[in-house]
Amino acid sequence: MPYDPRVIEPRWQAYWLENETFRAEIDPSKPKYYVLDMFPYPSGDGLHVGHPEGYTATDILARYKRMCGYSVLHPMGWDAFGLPAEQYAIKTGTHPRVTTRRNIENFKRQIQSLGFSYDWAREIDTTDPGYVKWTQWIFRLLHERGLAYEAEVPVNWCPALGTVLANEEVIDGRSEIGGHPVVRLPMRQWMLRITHYAERLLDDLDELDWPEPIKKQQRDWIGRSEGARVRFAVEGHPGREIEVFTTRPDTLFGATYMVLAPEHPFVDEITTPDRRAAVRAYVDASTRKSERARLAEVKEKTGVDTGARATNPCTGESVPIWIADYVLATYGTGAIMAVPAHDERDYAFARTFGLEIREVVSGGDVSHEAYTGDGIAVRSGLLDGLPTAEAKRRIVAWLTERGAGEGAVTYKLRDWLFSRQRYWGEPFPLLHFDDGTARLLRDDELPLLLPDLDDFRPAEGGGTPLERARDWIETVDPVSGRRARRDPNVMPQWAGSCWYYLRFCDPRNEHVPFSAEAERHWMPVDLYVGGAEHAVLHLLYARFWHKVLYDAGLVHTREPFRKLVNQGMILGYSYRYWDDNLEDDPNATPRCHPSSAVRIEGEHVVATDTGAEVKARWVPLQQVRWGPDRTPLHPTISGLVLEEVVEKMSKSRGNVINPDEVIAEYGADAMRLYEMFIGPLEKAAPWSTDGIQGVHRFLQRTWRLFVDEDREDEPLRDLAPGPGAPPQARLVARTVAGVTGDVEGLAFNTAISKLMVLVRDVAKEAPLARDAAETLLRLLAPFAPHLAEELWRRLGHERSIAYEAWPVADPALLAAETMTLAVQVNGKRRDEIEVPVDASEGAIRAAALAAPNVVRHLEGRTPKKVIVVPGRLVNVVG
RNA sequence: GCCCGGGUGGCGAAACGGGUAGACGCGGGCGACUUAAAAUCGCCUGGCCAUCGGCCUUGCAGGUUCGAGUCCUGCCCCGGGCACCA
């Protein structure tokens, strides 16, 4: 039979499942390796070709490590709470549980059809009551440790989604999901005190083998600033002091006014009667203003004078106190000392309102811009003549001595807003009483499950969906018999993904979230692969929970993920043209234009000939007609040339590739191979329908290397016993060494190219030897496991190839007898020489100078210098 | 605006401490097999000039070096992150 993945792949997938080939077991005699994928949200669209990229990479490594003798933990599960199932429920009335179950089944079928070596006995679903129980248990732990609290905070309210969002989920004043407008509103919410862990979250990044840009993003997000807190007495309000945070205490002598955030608690109290109306109007306006509106006005500073004044602790000078929304209530102390000469924002503000700009650090020209660099302190009393660093030290000591301030560290990181006004999430495991107290549920009361609803919209009057379940919300505490209310909020989707990697260690435990034994054996995760979009969100939250669990003695490592790799996105080719049917009228007969006949004019795109505005249209990949020279053409409009664009796959662009179709046509092994061959794992690259042909041919060629398709009964080819001819054995050894190095370095694309060379050349000169054949299959097994298993079986092996030993290259075979050296004359390659590997430098030099093209290019000159680079080349300078 | 990545053939890419630029694959060309096509196999395929051969070429312009895709300086373009954080 010719190579037919449709027959052999399902057969081996069934074999692996039946035999539990990939069951992970604690085996103290072996080193362990935990290789983890970021588990997916099982969406209704099913898998797209982007998912299997990371999954294939981790699978290759898992299979490789098993063959190297590791006990490998390689699990898969579902991050199954989330918005889409809930929105689908609102539209159709289908319970999210039903949608979720259906989507999981589809995802699982698709993932299994790729032949990944997951231990399915460890499958996790974050919506499963057996999992929710422990997510709630960990929330209780956070609460017990003082890390969960309720607070009335200004939140990011998204009216379209009907919920609040974490700061991290708001991009440019719009929701990350859907791009809906977000406004600031004060609301009572659950918060997690991630800020308590800011320092450790920052410091422990150093020990992690993560991409530097990701670490930097986390460092920037945490945003540590070193400086000082300084207290300014408010005049006429004895005992009242405004505390500010500054990174430049050395500029204190240049503080010519102060600014409070409009939300600052002192505003009402200190505002003078004549300023009250103006201040109140400004505060009202700025609370109503959306984050987006505030952002749009960054260049124009606004603010009002409160009429109050404060005393500069250094100069004793009286300075005015203003309020302005360029000072953020949520950072530092919500108040600043303004030093317009040395801060760009204060400078702009001072210019707008005619406030004094006083230079206290030399080095710039403050008459036309703020000078923010270091310099020598001037007009600063005790600091005069000191460089910036020294001046900072001196003034902090001075302030500390007088009790007017002290050195301080501040972070940009805010506490984590942890409640959502939604249905499909984990309920908070506690009861609220009328007196404002609350009781966390005990172990035997967990999990607290969601009530059933048939309407999942927010309740009337601004309530959450859960408030529709009156008899669930209104209850009686079985412990005290008191009337109680359940919390109407649910946890955000991040909750489940904050600890799933721990549950994978011991997924069916009913008594604890995971046993100490399992955690101690498997943790930390040795390799974690997923998309870079989780750089701050998931990865920061999970690290935070992990540290809390560490402090509680439940895990033994400070960090959960030792090595992190971000796979690049798989992009798609889309095909574009333009028409003037701006209203999308289905009955219109629009004028169509190729991209070569339009131009961009500001925000709009117009046709070059008429100047009429046009709109982009996409032709789905399957409908594109191919002209001569592979020119993409519109399927029906003759002569309309389409523009090929590489972009993110999306339904609207018609460039989505369905893995099911790829597998049906080429098989899972080809799909796996192509996903890896397309380029380096970390890099984004477009999926090419032609490209997969190349790896498919490689698999067919491999098949024919073993199976004689020309004969009627298609037998296995005769294999020469033993290691084969020396050149063959050397090629095999070189490939073993190369592929091993590439796999260790996650360079799967080059590993595959080396396998291609091996298959191409291994039987070129001599018939295939048995040792070479078996080594080839073992090298291929992690990449194309179905084909490798099938041929391994046909070679007469009873057991799966999955636990065969990974081959080791014989060093004797790696060493060649002669080597070819390039010879350059004045840096340009002119000839090459063949010399024994152990040739002396003198012999190499002589051979190089004797090479015909070298003689010719030297034109009789005596070489000034001959550089011999061992094993590489010779450069003759003359 | 600031901070990260990244620019190498028609395309995806390779080149691991500066040492033969373009491995491997796609696409393309030529040939073999075939009544024919597909499949398969073999050869060629960075550009320019050419008889031997030579010149140019890793976004652009410089520099260091016997030698630069790789190191340094300045600039251009693309992708991502942050965005009044005092």
Side-chain angles (χ1 to χ4, degrees), chain A residues 2 171-172 211-217 219-221 223-225 227 244-248 251 259 294-295 297-299 301 324-328 330-339 342-346 348-349 372 410-414 532-533 535-536 568-569 573 629-630 644 646 673-674 677-680 682-695 697-698 700-701 704 709 741-742 745 747 749-757 760 820-832 853 856 863-878:
Chain A
I171 312 284
D172 285 343
E212 272 315 312
I214 299 288
K215 290 207 229 178
K216 190 168 185 320
Q217 267 189 62
R219 287 193 187 105
D220 290 349
W221 191 265
R224 183 181 198 274
S225 296
V244 302
F245 173 76
T246 176
T247 54
R248 293 295 300 272
T251 62
V259 188
R294 280 199 188 188
L295 271 169
E297 294 162 7
V298 165
K299 293 243 163 64
K301 294 279 179 286
D325 64 9
Y326 84 90
V327 173
L328 308 176
T330 47
Y331 179 76
T333 60
I336 61 158
M337 63 175 209
V339 185
H342 305 291
D343 180 282
E344 277 159 26
R345 297 150 300 183
D346 298 346
F349 191 83
T372 57
T410 299
Y411 299 91
K412 278 206 272 191
L413 185 69
R414 313 288 156 82
E533 66 273 20
V536 281
M569 204 182 308
Y573 287 107
D629 302 330
R630 302 180 50 76
E644 186 177 84
V646 171
L673 236 34
Y674 183 61
F677 191 64
I678 197 165
E682 299 87 344
K683 208 184 157 193
W687 180 274
S688 148
T689 314
D690 295 323
I692 193 166
Q693 303 260 17
V695 294
R697 280 182 205 135
F698 161 67
Q700 290 174 305
R701 219 173 285 139
R704 286 195 301 267
E709 289 180 348
D742 285 348
N749 53 335
T750 51
I752 292 166
S753 100
K754 290 179 176 85
L755 290 171
M756 286 174 166
V757 172
R760 184 190 66 192
T820 307
L821 299 182
V823 186
Q824 300 179 329
V825 177
N826 293 328
K828 286 201 165 111
R829 185 181 177 280
R830 296 299 182 187
D831 210 333
E832 56 184 39
N853 282 332
R856 195 160 59 80
K864 293 195 195 87
K865 200 164 160 193
V866 179
I867 294 152
V868 177
V869 184
R872 291 286 181 184
L873 53 58
V874 183
N875 190 8
V876 180
V877 185

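Each chain gets a letter, A, B and so on, in the order the sequences are listed, and its residues count up from 1. Keep in mind the model is a prediction, meaning the values are calculated, not measured.
Ring pair F349(A)/Y326(A) is tilted by interplanar angle, where 30° to 60° counts as tilted.
Checking U40(B) for Watson-Crick or G-U wobble geometry (two distances, each under 3.5 Å) identifies A32(B) as its partner. Across all strands shown, C4(B) is found opposite G79(B) as a Watson-Crick or G-U wobble partner, with both distances under 3.5 Å. Within the shown strands, nothing qualifies as a pairing partner of G9(B) under the Watson-Crick or G-U definition with both distances less than 3.5 Å.
For a distance-only test at 3.5 Å, the side chain of N875(A) qualifies as a donor-acceptor partner of the base of C66(B).
Distance noted for atom P between C60(B) and G27(B): 29 Å (whole Å).
A donor-acceptor pair under 3.5 Å links the side-chain atoms of Y674(A) to the main chain of S688(A), judged by distance alone.
Among the atoms of the strands shown, base atoms are found under 4.0 Å from some heavy atom of V869(A).
Distance CZ (R829(A)) to P (U20(B)): 10 Å, rounded to an integer number of Å. C84(B) atom P lies 17 Å from atom CZ of F245(A), rounded to whole Å. The interatomic distance linking Y573(A) (OH) with C26(B) (P) rounds to 14 Å, in whole Å.
When side chains are defined from C-beta on, Y331(A) counts as touching K412(A), because their heavy atoms get closer than 4.5 Å.
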What does nucleotides 53-59 of chain B look like as a protein-contact string, B for base, S for sugar-phosphate only, - for none, at under 4.0 angstrom between heavy atoms? SSSS---
